[in-house]
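Below you'll find the structure, written out as structure tokens, and then a few comments.
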Amino acid sequence: MNDDDPFLSEEELALHARLKELRQEHADLDASIEALSRMPLPDQLTIARLKRKKLTLRDEIVKIEAIVLPDIIA
């Protein structure tokens with residue numbers, strides 16, 4: 001989908017922008033978790049907190065995708 005699509009409403013454009021931000025934050029958390037896991041003595045509490053936040057972001061991403069992406073009946 002083209003972000004410049006003139007047929008998208010302001011709300012849809014905002015949702016697309018928010019979705020992009022959430023996906024980037026999700027990827028950043030994934031990288032942080034991976035880096036912390038590779039440390040000689042990983043901080044398990046911090047890793048658990050980051051994983052919880054990552055799951056929360058994933059839930060929000062799924063909700064926005066359900067609004068933005070139309071259902072395709074095959």
Exercise. Which pair of heavy atoms, one from P42 and one from L36, lies closest together, and at what distance?
Worked result: CB-O, 3.2 Å
Exercise. Taking all atoms of both residues into account, what is the closest heavy-atom pair of L15 and I64, and its distance?
Worked result: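 Closest approach of L15 to I64, heavy atoms only: O-CG2, 3.8 Å.
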For this session: Taking atom NZ of K53 as the centre, report whether more than 12 heavy atoms of other residues, nucleotides or ligands fall under 6.0 Å from it.
Result: no
What is the distance from atom [atom1] of [X] to atom [atom2] of [Y], rounded to the nearest 0.5 Å?
| X | Y | atom1 | atom2 | result |
| --- | --- | --- | --- | --- |
| K54 | I61 | NZ | CD1 | 10.0 Å |
| L50 | E34 | CG | CD | 12.5 Å |
| L57 | E25 | CG | CD | 4.5 Å |

Tell me whether [X] shares a hydrophobic cluster with [Y], the cluster being built from Ile, Leu, Val, Met, Phe, Trp, Tyr side chains joined at under 4.5 Å.
| X | Y | result |
| --- | --- | --- |
| L29 | L45 | no |
| I67 | L22 | yes |
| L69 | L19 | yes |

Exercise. Any sub-3.5 Å donor-acceptor pair from E12's side-chain atoms to S9's backbone N or O?
Worked result: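 A pair under 3.5 Å: yes.
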Exercise. Is any side-chain heavy atom of E60 less than 4.5 Å from a side-chain heavy atom of R18?
Worked result: yes
For this session: Check whether any side-chain heavy atom of R23 lies under 4.5 Å from a side-chain heavy atom of R58, and answer yes or no.
Result: no
Problem set entry | side chain to side chain contact (heavy atoms under 4.5 Å, CB included) partner of K51, chosen from I33, D30, T56 |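 Result for side chain to side chain contact (heavy atoms under 4.5 Å, CB included) with K51: I33.
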